[in-house]
There are 2 protein chains.
Amino acid sequence: MPPPIPPSPPLEAAAAPILCTVDVVLLTLNPQLQVALLPRDRAPLAGALALPGGFIHADEDADPRAAAARMLRAKTGLDCPYLEQLATFGGPERDPRGWSISVAHVALVPADLLARGAAGLRWHPVDALPALAFDHAQIVAQAVARVRSKSQYSSLPVHLCGERFTLPQLQAVYEALLGEPLNKVSFRRRMEEMDLLEPIEGERTGGAHRPAQLWRLKDRRPGALTLTDRLLGPAVLAP
Amino acid sequence: MPPPIPPSPPLEAAAAPILCTVDVVLLTLNPQLQVALLPRDRAPLAGALALPGGFIHADEDADPRAAAARMLRAKTGLDCPYLEQLATFGGPERDPRGWSISVAHVALVPADLLARGAAGLRWHPVDALPALAFDHAQIVAQAVARVRSKSQYSSLPVHLCGERFTLPQLQAVYEALLGEPLNKVSFRRRMEEMDLLEPIEGERTGGAHRPAQLWRLKDRRPGALTLTDRLLGPAVLAP
DNA sequence: GCAATAGTGTCTTTGAGACATTATGGC
DNA sequence: GCCATAATGTCTCAAAGACACTATTGC
């Protein structure tokens, strides 16, 4: 028997205020996957390690992504190369101040950009995290799953390399994210099919052995992803 | 030159109140992909077609998903089989009442469940939508992209079939979502590999021709997805 | 029997991985 | 010359698609 629909439920009545925040899972590869954490400087949970984040400011943020970018700039000094919305976490218990929402984002930064900015950041390998404030451990876990999953079928890992890189370097990044060695020939075939890299003429890396060709992204829009219809690695980890 | 980090920005100061809502993109296949819309019964935009949704209630919702389920029950009478968070949309302009957030969800319902509930719902093919309120057209577009994308590598389409279905029916659902015919042999090989279906002993569909075996999901947890590490269709549509 | 759909067997093609070979640097 | 790494050529194997064939119903 279909449940009767109440005539006119007061769904749009104004509700109790909800705390609206944004958090950023900032990741780098150095040489393993690491996440940036900050000790909280005020209550609640002062001193506890937490993701960079804070309240959305209705008067200055154009959307959640802009709020995340502002947070990142303010708390880490980085102007973010790759920034993607992850998911929204919410509920009455996650923050002692009341029913709260956090629009979580993932940001990627090449390890060689870390010198600048990054003042009080504490980097922790994602596979050995200390206790985190609120539900931030869960958020980090989901972010890592997302990044690993997308590494299977997209160019996402290039955003963990600098602007210029060699194919062996890029393959090492994919392997670190996917957690297993990749076939060199297949990897190069796939990168060529994706058609997202261009060689930097004349440029090669030095070293004690045969120098490798340097490459850069063809499409210079920051944060752009190229997808492939075949998979590089194994196990799909996250939806 | 790295931008200096301001000493102690007032990031956690209480901010202007933000409207927190949830919207649901409820989809069915009948025979094309259709979305459920409701004419708004109050200002703003009274009369305009919109997604079922409304404010989060801090006093009764355990999290955004619960809020979406409540909304769905109240506005459509359906207790949802498949419900997944999509993304969060927010900004100062999307709702005339002020800076607002909508945690958008995707819900799938088999066409044969539509008889019950579904009182004032208006179903529209997603490829020929009328004008929608707020930014709901964009939300629907993203939901459809997500559903089509997941159809490539997961069992998501089974949630658009009823509890019992034949393999030709299921293949037709995949084909409708992916927009192209699939190879019968490969499709069956893949379904067998995924190991998510079990035949219903003795049961077969009638009809003028050879009857087909009926199947059902092995894992009866509603909303559970099985993933595959190979792709069924072509073009990856959404990240 | 015939028509129409369900289900399966098999061959061909394609793409991925393993391996070997060549190339280019420093010493 | 030797070693180490980069880059590419080639072979093998496995999976996907095309196609044909069998199976089962109603008429």
Side-chain angles (χ1 to χ4, degrees), chain A residues 31 151-154 161 164-176 178-216 227-236, chain B residues 31 151-155 158 161-162 164-176 178-216 226-236:
Chain A
S151 299
Q152 292 179 103
Y153 59 87
S154 82
C161 292
R164 297 137 36 101
F165 45 86
T166 70
L167 283 181
Q169 280 169 357
L170 182 58
Q171 181 171 350
V173 170
Y174 270 89
E175 289 171 342
L178 294 173
E180 62 156 27
L182 296 177
N183 183 285
K184 181 167 62 166
V185 181
S186 303
F187 179 78
R188 282 159 183 259
R189 267 196 295 246
R190 194 59 68 73
M191 286 302 137
E192 187 160 8
E193 283 166 22
M194 282 208 240
D195 189 38
L196 47 59
L197 303 181
E198 60 185 3
I200 305 178
E201 288 306 329
E203 299 256 15
R204 310 186 151 252
T205 49
H209 312 296
R210 173 174 176 176
Q213 177 67 52
L214 276 175
W215 301 77
R216 68 173 160 229
L227 305 179
T228 172
D229 56 351
R230 315 223 171 244
L231 300 179
L232 286 142
V236 176
Chain B
S151 298
Q152 292 177 106
Y153 61 88
S154 82
S155 62
V158 302
C161 291
R164 296 137 36 101
F165 47 84
T166 70
L167 283 180
Q169 281 169 356
L170 182 59
Q171 181 171 349
V173 170
Y174 271 89
E175 289 171 341
L178 294 173
E180 64 155 29
L182 297 178
N183 183 285
K184 183 168 58 165
V185 181
S186 304
F187 179 77
R188 283 159 183 259
R189 268 196 293 245
R190 194 59 67 72
M191 287 302 138
E192 188 160 6
E193 282 166 22
M194 280 207 239
D195 189 38
L196 46 59
L197 304 180
E198 61 185 1
I200 305 180
E201 288 305 327
E203 299 256 16
R204 308 186 151 252
T205 47
H209 312 296
R210 173 174 177 175
Q213 178 66 54
L214 276 174
W215 302 76
R216 69 174 160 229
T226 302
L227 305 179
T228 171
D229 56 351
R230 315 224 170 242
L231 299 180
L232 286 143
V236 176

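Computed from a prediction, not measured in an experiment: that's the story for all the values here. To find a chain, count down the sequence lines: A is the first, B the second, and so on, and within it residues start at 1.
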Which nucleotide, D:dA16, C:dG17, C:dC19, lies nearest any side-chain atom of B:R230? D:dA16
DNA chain C nearest-nucleotide lookup for A:F187 and A:P211: closer to the 5′ end is A:F187
A:L178 has an atom CG; how far is it from atom P of C:dG17, in whole Å? 12 Å
Whole-Å distance, A:L214 CG to D:dA6 C1', equals 13 Å
To the nearest Å, how far apart are A:E192 CD and D:dT8 C1'? 11 Å
Closest heavy-atom contact between B:T226 and B:M194? CG2-O, 3.8 Å
For B:L182 and B:E175, the nearest pair of non-hydrogen atoms, with its separation, is N-OE2, 2.8 Å
Should the side chain of A:K184 and the base of C:dG17 be counted as holding a donor-acceptor pair, with the cut-off at 3.5 Å? no
Candidate nucleotides D:dA7, C:dG9, C:dT24, ranked by approach to the side chain of A:Q213 - the nearest: D:dA7
How far apart are the closest heavy atoms of B:Q213 and B:I200, and which atoms are they? NE2-O, 2.9 Å
Between A:Q171 (CD) and D:dT8 (P), how many Å, whole number? 13 Å
CD of B:Q169 versus P of C:dT5: gap in Å, rounded? 14 Å
Would you kindly compare B:E193 and A:W215 by the position of their nearest DNA chain D nucleotide and give the one closer to the 5′ end? A:W215
May I ask you to verify whether the side chain of A:R210 and the base of D:dA4 hold a donor-acceptor pair under 3.5 Å? no
Determine whether a donor-acceptor pair (one donor, one acceptor, N or O, separation below 3.5 Å) exists between the side chain of A:R190 and the base of C:dG15. no
At less than 4.0 Å, is any side-chain N or O atom of A:N183 found next to OP1 or OP2 of C:dA16? Yes or no. no
Under 4.0 Å from OP1 or OP2 of C:dG7: is there any side-chain N or O of B:R188 that close? yes
Rounded to whole Å, the CG-C1' distance (A:L170 to D:dA6) equals 15 Å
Considering only heavy side-chain atoms of B:H209, the closest of C:dA16, D:dA16, C:dA3 is C:dA3
Minimum heavy-atom separation for B:L231 and A:R230, please, with both atom names. CD1-N, 4.2 Å
Is B:R189 touching bases, backbone alone, or none of the nucleic acid, heavy atoms closer than 4.0 Å? base
Contact summary for B:L170 and B:C161, nearest pair of heavy atoms: CD1-SG, 3.8 Å
Look at all strands and tell whether B:A208 reaches a base, only sugar-phosphate, or nothing, counting heavy atoms closer than 4.0 Å. base
Please report, rounded to the nearest Å, how far the C1' atom of C:dA16 is from the CE atom of A:M191. 14 Å
Atom-pair distance (CG on A:L182; C1' on C:dC19), nearest Å: 17 Å
